[in-house]
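Take a look at the structure set out below.
Since this is a predicted model, take the numbers as computed values, not measurements. Chain A is the first sequence line, chain B the second, and so forth, proteins listed ahead of strands; every chain is numbered from 1.
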Number of protein chains: 2
Amino acid sequence: MAQTDGRKGEIIQMASKLFRERGYSAVSMRDLAAGIGVKAASLYNHISSKQEILSSIIISIAERFTEGMNAIVSKKVSVKNKLEEMIDHHIQVMIDNPDGIACLNNDWVHLKEPELTYFLDMRNGYEENLRKILKEGIKSKEIKQVNVEVMLFSMLSTLRTLHLLHEKKKGIKTDNLKNEVKQILLTGIMN
Amino acid sequence: MAQTDGRKGEIIQMASKLFRERGYSAVSMRDLAAGIGVKAASLYNHISSKQEILSSIIISIAERFTEGMNAIVSKKVSVKNKLEEMIDHHIQVMIDNPDGIACLNNDWVHLKEPELTYFLDMRNGYEENLRKILKEGIKSKEIKQVNVEVMLFSMLSTLRTLHLLHEKKKGIKTDNLKNEVKQILLTGIMN
DNA sequence: TTTTTTAACTAACACTTGTTAGTTTTGTAT
DNA sequence: ATACAAAACTAACAAGTGTTAGTTAAAAAA
């Protein structure tokens, strides 16, 4: 359940926005408080630390990615189908919280244990599942015989930074974005 | 001319490494000094500010990207050829300074004027030139009729974050990396 | 109305930040 | 050996950091 209402939700939302713009370390609790229209000390009636804010933002999104991917890998459908569903899901999570995604991408390094390990395990699991799908596709000849790691990396780097495209092209409809990304990631660009 | 020797070069090199690991804002001058084995104040015999270090790292790389791209766009070769040369060049710049690339990617937001504008102009120019190549390819039917912006974005996000792959797969030979990235970015993955 | 709870406030803490001033050491040329 | 420049050092600055304690105002429950 994403936290978006109440004062705590407001804090997390504003923090996501500011962390995205300047990065976790460059945003002070006073900046964050000012963004909401309150004094820094007042934030501590709702949250317990700056670190907790970062965790809230990142972990909830990472869990959503993980759940979606887990639901997809074991499906009895073609590899192409799995990849399409995975791209759709990834983009949907991004659309629902672009600031949070940016924050996850840039600031996960600043997580402290045990959340850091928890996050990295989820991230590795996600990658591992996608790798599994790609290898399955190579075996079944649905996918070209190219380096799995490079292929995996290319897909993930496009998906992970898609909030930047979404930010610049605000007009684009969600379904169009999903379709165009799928086409390019799966079928390439050259004729 | 890249700065790699002398005390100043050593400072910039260590700064690139630390900025990459923790981000500009999270690295203090004392951290940086300790990494070199010196006191913070001593750094100021070689550099004038923390900000100058950041500029040195980012601007020199951005200029290299710009020069390479400018040399490629106006060539009288096929679009495919241009794209291949551009990918090769981009990867070569990354190989020569992966820490600096990471720093450019993550910390350009912390540049101050006038360097910020100078950097953004170069970045926009680079994108604009690549867009030009892609549009030329679409017109000549060398490239599929897909959304230029999404295509552009996908290529750039893969290239820009390639230092992460390079870091994880240290063993990979430069030429292999170049070839595999070209294959995937240009011809896609599906059979 | 009175009581209790929620969430704002001010003030302060211990510490870290980038940077400067002034001094001492180190290495090189005369 | 002497003089000079380069680069290290210590000490300190003003400002900013996350966070806590204690207090007051507003809202909800009794």
Produce the list of close N/O pairs, under 3.5 Å, pairing protein atoms with atoms of nucleotides 6-16 of chain C; give distances to one decimal.
from, atom 1, to, atom 2, distance (Å)
C/dA8, OP1, A/Arg7, NE, 2.8
C/dA8, OP1, A/Arg7, NH2, 3.3
C/dA8, OP2, A/His46, NE2, 2.5
C/dA8, N7, A/Asn45, ND2, 2.6
C/dC9, OP2, A/Lys39, N, 2.7
C/dC9, OP2, A/Ser42, OG, 2.8

- Note: A/Arg123-A/Glu63 ion pair, threshold 4.0 Å (strictly below): no
- Mind calculating the distance between OH (A/Tyr24) and C1' (D/dT17) to the nearest angstrom? 12 Å
- Query: B/Tyr44 has an atom OH; how far is it from atom C1' of C/dT20, in whole Å?
  - Reply: 9 Å
- Task: Report the distance from atom CG of A/Leu32 to atom P of D/dT17, rounded to the nearest whole Å.
- Result: 12 Å
- Name all stems that contain residues of DNA chain C, defined as runs of 3 or more consecutive Watson-Crick or G-U wobble pairs, both distances under 3.5 Å. C:2-25 with D:6-29, C:27-30 with D:1-4
- Query: Among all residues two or more places apart in sequence or in another chain, which pass the side chain to side chain contact (heavy atoms under 4.5 Å, CB included) test with B/Glu84?
  - Reply: B/Lys80, B/Asn81, B/Lys182, B/Leu186
- Message: Going by side chain to side chain contact (heavy atoms under 4.5 Å, CB included), name the residues that satisfy it together with A/Asn70, two or more places apart in sequence or in a different chain.
- Response: A/Thr66, A/Asn129
- Under the ring pair (Phe, Tyr, Trp, His ring centres under 6.0 Å) test, which residues partner A/Tyr126, sequence neighbours left out? A/Phe65, A/His90
Side-chain donor-acceptor distances from residues 91-98 of chain B under 3.5 Å, at least two apart:
from, atom 1, to, atom 2, distance (Å)
B/Gln92, OE1, B/Lys178, NZ, 2.8
B/Gln92, NE2, B/Asp96, OD1, 3.0
B/Asp96, OD2, B/Arg64, NH1, 3.0
B/Asp96, OD2, B/Arg64, NH2, 3.0
B/Asn97, OD1, B/Gly100, N, 3.0

- Residues in salt bridge (Lys or Arg N to Asp or Glu O under 4.0 Å) with A/Glu149, at least two apart? A/Arg131, B/Lys169
- Query: Which residues satisfy the salt bridge (Lys or Arg N to Asp or Glu O under 4.0 Å) test with A/Lys39, sequence neighbours excluded?
  - Reply: none
- Message: Test: salt bridge (Lys or Arg N to Asp or Glu O under 4.0 Å). Region: residues 8-19 of chain A. Which pairs qualify, not counting sequence neighbours?
- Response: A/Arg7-A/Glu10, A/Lys8-A/Glu52
- Note on the structure: Separation of C/dT17 atom C1' from A/Met29 atom CE, nearest Å, is 18 Å
- Considering residues at least two apart in sequence or located in another chain, which fulfil the ring pair (Phe, Tyr, Trp, His ring centres under 6.0 Å) criterion with B/Phe19? B/Tyr24
- Task: Could you pull out all residues at least two apart from B/Lys75 that satisfy side chain to side chain contact (heavy atoms under 4.5 Å, CB included)?
- Result: B/Val77, B/Glu85
- Positions of residues 47-57 of chain A (non-hydrogen atom under 4.0 Å from DNA chain D), listed by number: A/Ser49, A/Lys50
